[in-house]
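Worksheet: the structure to be examined is printed underneath.
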Amino acid sequence: MNLEELRNQIDQVDQDIIQLLEKRMTIVQKISEVKEAQGHNILDSTREQEVLNRAQQAIKTPAYQETILQTYQDIMKNSREYQSKARLK
Ligand SMILES: C=C(O[C@@H]1C=C(C(=O)O)C=C[C@H]1O)C(=O)O
């Protein structure tokens with residue numbers, strides 16, 4: 001397969017990832033509202049460790065573990081930053 005064909009494959013996967021990230025953020029928005037109403041902190045380290053453990057179990061290719069887990073840490077960091085900004089509005 002040539003470079004263009006491979007990049008076309010990435011473009012399609014990216015569309016799927018974006019849809020799933022939007023779906024995840026819609027849930028983060030709802031969680032943000034519930035936590036603010038109930039006076040919870042934005043950061044829940046125990047929950048984040050559970051998310052990372054579940055991701056670690058789900059990754060089938062050992063060589064991709066580190067990269068995907070770092071991506072997950074980034075997703076949750078950005079999720080917290082979104083929630084911090086939402087509280088200021
Ligand atoms: C979304 C939440 O807020 C934070 C972000 C998380 C995430 O993006 O998965 C998990 C835990 C919290 O640190 C939550 O509390 O569930």
Side-chain angles (χ1 to χ4, degrees):
M1 207 173 285
N2 67 27
L3 183 60
E4 192 185 345
E5 288 167 336
L6 290 166
R7 284 181 174 166
N8 284 339
Q9 283 194 0
I10 282 200
D11 289 346
Q12 285 177 13
V13 171
D14 284 347
Q15 291 303 311
D16 293 343
I17 291 173
I18 287 164
Q19 278 192 9
L20 290 171
L21 285 174
E22 279 210 69
K23 193 171 170 184
R24 191 180 203 280
M25 283 307 302
T26 299
I27 301 168
V28 166
Q29 169 65 35
K30 289 179 188 163
I31 286 176
S32 174
E33 288 166 18
V34 171
K35 289 198 303 189
E36 187 171 10
Q38 297 182 353
H40 293 293
N41 289 337
I42 289 171
L43 172 65
D44 184 338
S45 302
T46 305
R47 168 67 184 162
E48 292 204 8
Q49 194 54 57
E50 285 168 6
V51 172
L52 288 173
N53 290 346
R54 195 169 300 114
Q56 193 169 15
Q57 299 299 317
I59 300 163
K60 296 189 186 82
T61 310
Y64 304 156
Q65 278 268 350
E66 190 182 351
T67 305
I68 296 174
L69 290 177
Q70 280 177 358
T71 301
Y72 252 86
Q73 281 171 322
D74 268 358
I75 287 173
M76 291 193 287
K77 175 172 165 280
N78 285 304
S79 157
R80 274 186 265 114
E81 284 176 6
Y82 172 85
Q83 293 178 63
S84 298
K85 287 178 194 155
R87 283 197 184 189
L88 298 175
K89 285 185 183 155

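When a ligand or atom number is given, it counts from 1 through the structure's own listing order. Counting begins at 1 with the first residue of the sequence. Being a predicted model, the structure only gives us computed values, none of them experimental.
- Among the atoms of Ser79, some N or O lies under 3.5 angstrom from an N or O of ligand 1.
- Protein heavy atom at the shortest distance from atom 10 (C) of ligand 1 is Glu48 CG, 3.6 Å.
- The environment of CD in Glu5 is crowded: more than 12 heavy-atom neighbours from other residues, nucleotides or ligands sit within 6.0 Å.
- In terms of protein heavy atoms, atom 2 (C) of ligand 1 is closest to Lys35 NZ, 3.5 Å.
- The atoms of ligand 1 that sit less than 4.0 Å from any heavy atom of Leu43 are 13 (O).
- Judged by distance alone, the side chain of Asn41 and the main-chain N or O of Leu43 form no donor-acceptor pair under 3.5 Å.
- Contact annotation for Ile42 and ligand 1: only backbone heavy atoms (N, CA, C, O) come within less than 4.0 Å of the ligand.
- Under the 3.5 Å distance criterion, with hydrogens and angles disregarded, no donor-acceptor pair is assigned to the side chains of Thr46 and Glu50.
- Close approach to Arg47 involves these atoms of ligand 1, each under 4.0 Å from a residue heavy atom: 10 (C), 11 (C).
- With a 4.0 Å cut-off on non-hydrogen atoms, Gln83 touches ligand 1 through its side chain and not its backbone.
- Proximity of a side-chain donor or acceptor of Gln65 to a complementary backbone N or O of Gln56 within less than 3.5 Å is detected.
- Side-chain contact check for Gln15 and Asp11: no donor-acceptor pair (N or O, by modelled atom type) lies under 3.5 Å.
- Note on residues 71-89: pairs passing salt bridge (charged side-chain N to carboxylate O under 4.0 Å, His left out), not counting sequence neighbours, are Glu48-Arg80, Lys77-Glu81.
- Applying the 4.0 Å criterion to heavy atoms of Arg24 picks out, from ligand 1, the atoms 7 (C), 8 (O), 9 (O).
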